[in-house]
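Just so we're clear, the structure is a prediction, and the values are computed from it rather than from any experiment. Atoms within each ligand, like the ligands themselves, are counted from 1 in listed order.
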Amino acid sequence: MVLSDPQGRQFRYLRLSVTDVCNFRCSYCLPQGYKKCQSKPELSVAEISRLLRAFSLLSFKKLRLTGGEPTLRSDLAEIIREASLGGFQVGLTTNGYRLNEKIRAYKDSGLSLLNLSLDSLNPTRFKEITGKNEFVNLQKGLDTALSLGLQKIKINTVFLKGLNDQEFPQFLEYIKCRPISLRFIELMPTGQNKDFFLQHHARSEVLIEQLLKNGWHESSRETEAGPAQEYQHEDFKGKIGFISPYAKNFCAQCNRLRVSARGDLRLCLFGKGEVSLRSFLQDDADLPELVEFIQNTLSLKPVSHSLHTGDYGDMQTLSAYGG
Ligand code: SAM
Ligand code: SF4
């Protein structure tokens, strides 16, 4: 049973936020830092386990754990193990703060895909963007992760005009000898970053033009690939991908659903509202109902976001849904 929507898009990839809490203050996400505004507790491991069983019955194969900062959850290794034993290929998106300390335990629990957010290769600028003086710690964590032979390591870099756009050559140099997939993500507008967005948003086409002129070529798309467009070059061990939400056909490639740390299903990152799955997560006996509920809800998934018209839905900060 594969989950599909009225547009014929098929969904097999779940992004689950396991916490809203974050210890960084990225200027485009939580510039004032995390402020508690939810009274409901985060999903427990038992609730997550039921949620994953339902998505597994819907043929979901890939899970990305995100946040807030997922590594702040002390039971993250347990969640990874549950997911991995449930047949998921498990990925983690992290700011890297605890990477060096925890990555071995996560790998031993079944983690195979890692996305590390790294917005600058300059320690001072890194601190300016994230509010944290953690550049050296992140590099150690990344080196440890590289030594463990995970299936795939990606770096997420939000492309920021006037902040890190001049670092493109350094980023290229960085992946020359490292087998890393570098993702340049276009800055996305949210309720909390309006002025920052106006000041720092830039389209990534200019970078793609530079790559094509310098011998890079587009990689063939994997069947389960999401909306990123990826490029490679024979002299580089790493690859470069672009996530460009304003690009034509971006939403046509959508293959993912998102669930918040409190069990709310969000059909589109830049849509409005969400539906709570939590009441179905209290008892194994409710699984068939949950599966049916998710299937029915998919008919409400919007064909596309409306970012082109300046409408980003009711998204206040991506930290609530893990990006
Ligand atoms: N805290 C973890 C981290 O930073 O990797 C996971 C959550 S974070 C919300 C997931 C990804 O979303 C990060 O790579 C972050 O850079 C990206 N992100 C957050 N806000 C964004 C925005 N407004 N536009 C583009 N990317 C954003
Ligand atoms: Fe925290 Fe990630 Fe948002 Fe940065 S991007 S503030 S690390 S949730």
Side-chain angles (χ1 to χ4, degrees), residues 15-36 42 63-73 76 91-99 102-103 106 111 113-120 126-135 137-138 141-142 145 153-161 163-165 180-204 226-228 241-247 250 256 258-261 266 269-270 305 307 312-313 315-323:
R15 296 179 83 124
L16 173 65
S17 170
V18 292
T19 182
D20 293 338
V21 182
C22 188
N23 55 339
F24 277 29
R25 275 179 273 124
C26 299
S27 350
Y28 47 79
C29 182
L30 289 173
Q32 309 304 325
Y34 169 73
K35 302 253 183 325
K36 189 174 185 317
E42 290 158 350
L63 172 73
R64 176 160 297 282
L65 298 167
T66 176
E69 177 45 39
T71 64
L72 296 182
R73 257 190 90 146
L76 186 63
L92 173 70
T93 301
T94 173
N95 64 24
Y97 180 74
R98 290 205 165 143
L99 196 57
K102 297 281 189 185
I103 187 66
Y106 296 157
L111 186 80
L113 313 168
L114 175 72
N115 280 26
L116 171 67
S117 298
L118 180 67
D119 291 331
S120 176
F126 179 87
K127 178 165 186 250
E128 193 188 329
I129 297 173
T130 63
K132 283 280 176 174
N133 196 8
E134 291 293 336
F135 181 80
N137 176 27
L138 252 71
L142 183 57
I153 300 185
K154 291 183 188 166
I155 287 182
N156 286 356
T157 302
V158 182
F159 183 51
L160 300 167
K161 185 171 72 185
L163 285 173
N164 64 9
D165 52 349
I180 288 174
S181 193
L182 184 67
R183 289 271 185 268
F184 276 99
I185 306 174
E186 274 183 27
L187 178 62
M188 303 178 203
T190 66
Q192 288 188 18
N193 75 8
K194 286 182 194 142
D195 293 342
F196 187 90
F197 178 81
L198 288 175
Q199 220 179 332
H200 297 291
H201 175 252
R203 298 288 306 268
S204 46
F242 294 90
I243 301 195
S244 319
Y246 289 88
F250 181 79
R256 60 202 57 196
R258 295 175 171 86
V259 174
S260 78
R266 185 145 179 125
L269 198 51
F270 297 105
H305 63 59
L307 290 177
Y312 46 79
M315 178 54 65
Q316 288 305 306
T317 157
L318 264 56
S319 66
Y321 277 90

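- A donor-acceptor pair under 3.5 Å is formed between the side chain of Asn137 and the backbone N or O of Tyr97.
- Not a single donor-acceptor pair under 3.5 Å links the side chain of Lys132 to the backbone N or O of Ile129.
- Asn164 places a side-chain N or O within 3.5 Å of a backbone atom of Val158 that can act as its donor or acceptor partner.
- The aromatic rings of Phe24 and Phe126 stand perpendicular to each other, their planes meeting at an angle above 60°, with 30° marking the opposite boundary.
- Under the 3.5 Å distance criterion, the side-chain polar atoms of Asn193 are matched with a main-chain donor or acceptor of Met188.
- When atom types are taken as modelled, the side chain of Arg258 and the backbone of Gly323 share a donor-acceptor pair closer than 3.5 angstrom.
- Taking the ring centre of Tyr321 as origin, the terminal cationic atom of Arg266 falls inside the region bounded by 6.0 Å and 45° from the ring axis.
- Remark: side-chain polar atoms of Thr190 are not paired, donor with acceptor, to backbone N or O of Thr317 under 3.5 angstrom.
- Ring orientation note: the planes of Phe197 and His201 are close to parallel, at an angle under 30° on the 30°/60° scale.
- Sorted by chain and number, the residues within 4.0 Å of ligand 1 by heavy atom are Tyr28, Cys29, Thr66, Gly67, Gly68, Glu69, Thr93, Thr94, Asn95, Ser117, Asn156, Val158, Ile185, Glu186, Leu187, Met188, Asn193, Leu318, Ser319, Gly322, Gly323.
- Among protein atoms, those of element N, O or S found less than 2.8 Å away from atom 3 (Fe) of ligand 2 are Cys29 SG.
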